[in-house]
Enquirer: 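Quick one: this structure, given as structure tokens, is what I'll be asking you about.
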Amino acid sequence: MPTSWADSSTAIDFAAAPGASVGNGSGRSTYVPPHLRNRPPSAGQQGPPSYSGPALGNERFVQGVQSGGGSRIIAPRNDYNRSGYSGGVGWNNRIGGWERGREREANPFGPDVDPEQVFNEQENTGINFDAYEDIPVETSGENVPLPVNTFAEIDLGEALNQNIRRCKYVKPTPVQRHAIPISLAGRDLMACAQTGSGKTAAFCFPIISGIMSGQCVQRPPRMSRMAYPLALILSPTRELSCQIHEEARKFAYQTGVRVVVAYGGAPINQQLRELERGVDILVATPGRLVDLLERARLSLQMIRYLALDEADRMLDMGFEPQIRKIVQQMDMPPPGIRQTMLFSATFPKEIQRMASDFLANYIFLAVGRVGSSTDLIAQRVEFVQETDKRSHLMDLLHAQRANGGQAKQSLTLVFVETKKGADSLEHWLCMNGFPATAIHGDRSQQEREYALRSFKTGHTPILVATDVAARGLDIPHVAHVINFDLPNDIDDYVHRIGRTGRAGKTGLATAFFNENNASMAKALSELMQEANQEVPDWLSRFAARSYGGKNRRGGGRFGSRDFRRDSSFNRGPADYYGGGNAGVGYGGSGGYNGAYAAGATSAWD
DNA sequence: AAAAAAT
């Protein structure tokens with residue numbers, strides 16, 4: 001994955017520059033970021049700047065600018081923070097500062113888009129805003145800031161506004177309308193929303209805007225090669241982290257806010273180099289992040305914004321210990337000091353507990369699921385024996401091809417249960433004349449990224465995938481999701497079919513069902529029923545027969561409701577936000593069920 | 001049981 005800064009020629013300077021070598025000893029050279037080398041010494045370099053940051057106490061970082069005088073001298077340093085110290089204007093000056101001398105920031109909008117040509121027409125892969133009109137939204141908490149209806153109402157700054165135009169965002173999505181004002185007001189947020197609802201922008205805009213305007217102490221001077229991001233965005237899979245990184249780079253283009261991504265499976269050295277060159281927003285998967293922390297190449301003590309994306313997925317994948325380590329056991333400022341946004345498609349107990357632990361007096365936001373509410377995804381279930389699956393798949397693909405689906409317009413995503421199954425199905429499809437590729441966790445990261453690219457571009461319009469691709473990935477033009485193997489969890493099913501019918505486009509989801517999936521019958525038929533889909537009789541019979549299986553409404557969930565309303569949850573000292581029920585003026589929450597049935601397992605359980 | 005994620 002090309003990362004703009006890595007690809008610039010200064011990377012070479014970096015390797016060659018004497019200043020690049022870093023010493024740990026006090027007498028050795030201090031790392032000077034490449035963009036600050038060969039600059040005439042400014043006033044700031046005469047003496048070491050003082051630094052008053054979180055290490056000295058729990059005051060808000062913004063106070064550091066004003067109160068920093070004479071607090072602590074750590075290391076000789078360049079004028080990184082000069083504007084903040086001298087004028088107290090913070091980052092607006094910094095843009096001129098650390099961006100000056102950089103020839104050109106790589107164009108994050110892709111080769112087809114000239115960022116200078118804001119009104120340049122491009123295929124609209126964006127959001128079908130009409131599809132958002134009826135999406136129900138629910139908020140609760142103390143003093144919920146009012147939602148906005150346009151981006152213009154929000155003061156995000158000219159640079160960000162221009163990027164919003166470049167991205168062709170005309171109008172905020174529901175999650176953006178609500179989440180952005182909440183975030184800009186400095187409040188913590190627990191949001192139930194899906195990727196595809198525009199939530200990446202919903203958490204990126206306030207972060208970028210906050211970093212730009214914040215009178216923060218930029219980098220605590222250190223002699224080590226430690227990176228100090230101001231914002232951290234955690235996501236469950238590498239591909240999702242990449243995707244967030246790509247989007248965030250567009251939003252941050254020419255704002256001076258630097259976005260870096262770190263994830264496993266890729267050489268760590270390049271990522272370390274990126275971090276060394278400065279990072280404001282770090283997007284990461286938990287494993288690699290812990291690695292970086294343990295190598296002491298990264299400190300979280302400057303974190304002002306924390307965003308956890310697809311939090312339920314991260315818990316499913318067993319990341320809770322790592323996440324708790326990152327958030328609670330390293331040097332990250334506590335809730336109330338940092339600002340935290342927790343995004344999750346579902347809201348089970350574990351997430352509620354996490355919300356209690358990670359957030360301070362938060363606002364709860366639930367957004368109906370886009371594309372699932374209506375007929376945007378046509379769901380079909382077919383009874384297919386294991387042994388017949390391949391030939392049946394072949395029939396579907398032939399029919400699809402016969403219908404003249406343009407390759408690029410009709411991508412087909414085939415979900416299977418196992419990594420081995422993915423490989424063998426891919427091979428079999430290719431042998432039978434269907435250009436397919438596969439993505440799963442046993443493939444190298446390079447292969448994974450190649451597969452995804454090849455699929456997105458329509459080069460191989462069939463992608464065989466395990467659940468690695470089930471959530472969050474936003475691939476335009478997926479016309480058909482085939483559950484070759486049904487998952488064992490209805491939530492996974494919802495996420496998988498959510499790869500189609502995105503952003504207001506219609507999609508088709510076909511599932512192969514047989515006796516092995518009996519445990520899914522009930523939940524599946526309920527889900528389809530509530531989404532006004534035709535449920536085959538045989539499936540209803542299966543459903544009636546099955547006792548076990550997961551009841552969608554069960555599982556000890558409070559659903560999308562703000563659980564703080566439920567007094568049973570407020571037990572003991574964990575209720576640190578005091579007072580307990582924050583759901584002021586909140587009532588009649590059940591009203592949306594039914595109408596938005598397919599989203600029932602997500603935001604509207 | 002399988003998948004994902006650090007090496």
Side-chain angles (χ1 to χ4, degrees), chain A residues 1 195 232-245 261-272 274-275 282-298 300 308-327 329-330 344-346 350 386 413-426 438-449 451-452 463-473 483-496 499 512 514-520 548-550:
Chain A
M1 157 128 340
T195 306
L232 175 64
I233 300 169
L234 281 176
S235 89
T237 65
R238 299 165 182 173
E239 281 75 13
L240 194 50
S241 283
C242 284
Q243 184 179 294
I244 294 168
H245 174 239
V261 67
Y263 55 85
I268 199 169
N269 280 335
Q270 188 182 341
Q271 292 173 8
L272 285 171
E274 289 296 310
L275 287 171
L282 178 61
V283 186
T285 49
R288 178 55 61 91
L289 188 74
V290 169
D291 191 4
L292 292 168
L293 290 167
E294 284 172 352
R295 289 171 189 240
R297 298 298 294 272
L298 182 68
L300 301 177
L308 296 132
D309 201 11
E310 306 277 348
D312 52 350
R313 184 61 170 171
M314 291 202 276
L315 294 198
D316 287 348
M317 287 164 63
F319 289 164
E320 182 158 7
Q322 288 163 76
I323 290 172
R324 287 198 178 269
K325 176 172 184 166
I326 292 163
V327 177
Q329 287 152 41
M330 303 304 291
S344 182
T346 59
E350 305 77 58
E386 287 303 325
L413 184 49
V414 183
F415 280 106
V416 296
E417 195 61 24
T418 65
K419 296 181 271 200
K420 249 177 79 178
D423 280 335
S424 84
L425 186 59
E426 175 207 17
I439 185 167
H440 61 68
D442 273 358
R443 295 231 157 155
S444 74
Q445 192 56 27
Q446 213 174 6
E447 289 172 315
R448 284 164 60 162
E449 285 168 24
L452 203 52
L463 178 66
V464 185
T466 60
D467 267 332
V468 68
R471 296 198 190 202
L473 287 191
N483 274 292
F484 189 88
D485 301 317
L486 269 167
N488 294 314
D489 186 321
I490 192 68
D491 285 340
D492 289 335
Y493 173 81
V494 172
H495 281 285
R496 286 180 178 187
R499 295 315 97 205
F512 295 175
N514 60 40
E515 293 89 345
N516 299 335
N517 311 114
S519 66
M520 283 282 290
K550 185 178 168 187

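None of these values were measured; they are calculated from a predicted model. Letters A, B, ... mirror the listed sequences (proteins, then strands); counts begin at 1.
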Enquirer: Within the structure shown, what part of the strands sits under 4.0 Å from E294(A) by heavy-atom distance: base, sugar-phosphate, or nothing?
Expert: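 The residue E294(A) makes base contact.
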Enquirer: Contact class for R295(A) vs. all strands (heavy atom < 4.0 Å): base, sugar-phosphate, or nothing?
Expert: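 Here R295(A) touches no strand at all.
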Enquirer: Checking R443(A) now: which residues fulfil side-chain hydrogen bond (donor to acceptor under 3.5 Å, both in side chains) with it, not counting sequence neighbours?
Expert: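 If we apply the side-chain hydrogen bond (donor to acceptor under 3.5 Å, both in side chains) test to R443(A), skipping adjacent residues, the hits are D423(A), E426(A).
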Enquirer: Show your reasoning for whether side-chain contact (heavy atoms from CB on, under 4.5 Å) applies to L452(A) and E239(A).
Expert: CA-CA 9 Å; L452(A) 203 52; E239(A) 281 75 13; 3.7 Å; yes
Enquirer: What contact category does R313(A) fall into here, base, sugar-phosphate, or nothing, at under 4.0 angstrom with non-hydrogen atoms?
Expert: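 Nothing: the residue R313(A), judged by heavy atoms under 4.0 Å, touches no strand.
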Enquirer: Going 5' to 3' along DNA chain B, which are the first and last nucleotides with any atom under 4.0 Å from a heavy atom of chain A?
Expert: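 Boundary nucleotides touching chain A, in 5' to 3' order, are dA1(B) to dT7(B).
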Enquirer: Run the ring-ring contact (aromatic ring centres under 6.0 Å, His included) test against F512(A) and tell me which residues pass, sequence neighbours left out.
Expert: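 Listed in chain order: H392(A), F484(A).
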Enquirer: With a 4.0 Å cut-off on heavy atoms, is G318(A) in touch with a base, just the backbone sugar-phosphate, or nothing at all?
Expert: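 No contact.
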Enquirer: Strictly below 4.0 Å, N to O, side chains only: are R448(A) and D442(A) in salt-bridge contact?
Expert: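 Looking at R448(A) and D442(A), the cut-off is not met.
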Enquirer: Would you indicate what D291(A) reaches in the nucleic acid, counting non-hydrogen atoms under 4.0 angstrom: base, sugar-phosphate, or nothing?
Expert: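 Result for D291(A) = base.
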Enquirer: Between R496(A) and D467(A), does any NZ, NE, NH1 or NH2 come within less than 4.0 Å of an OD or OE carboxylate oxygen?
Expert: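 R496(A) and D467(A): salt-bridged.
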Enquirer: So, S344(A) side chain and A311(A) main chain: donor-acceptor pair closer than 3.5 Å or not?
Expert: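 No.
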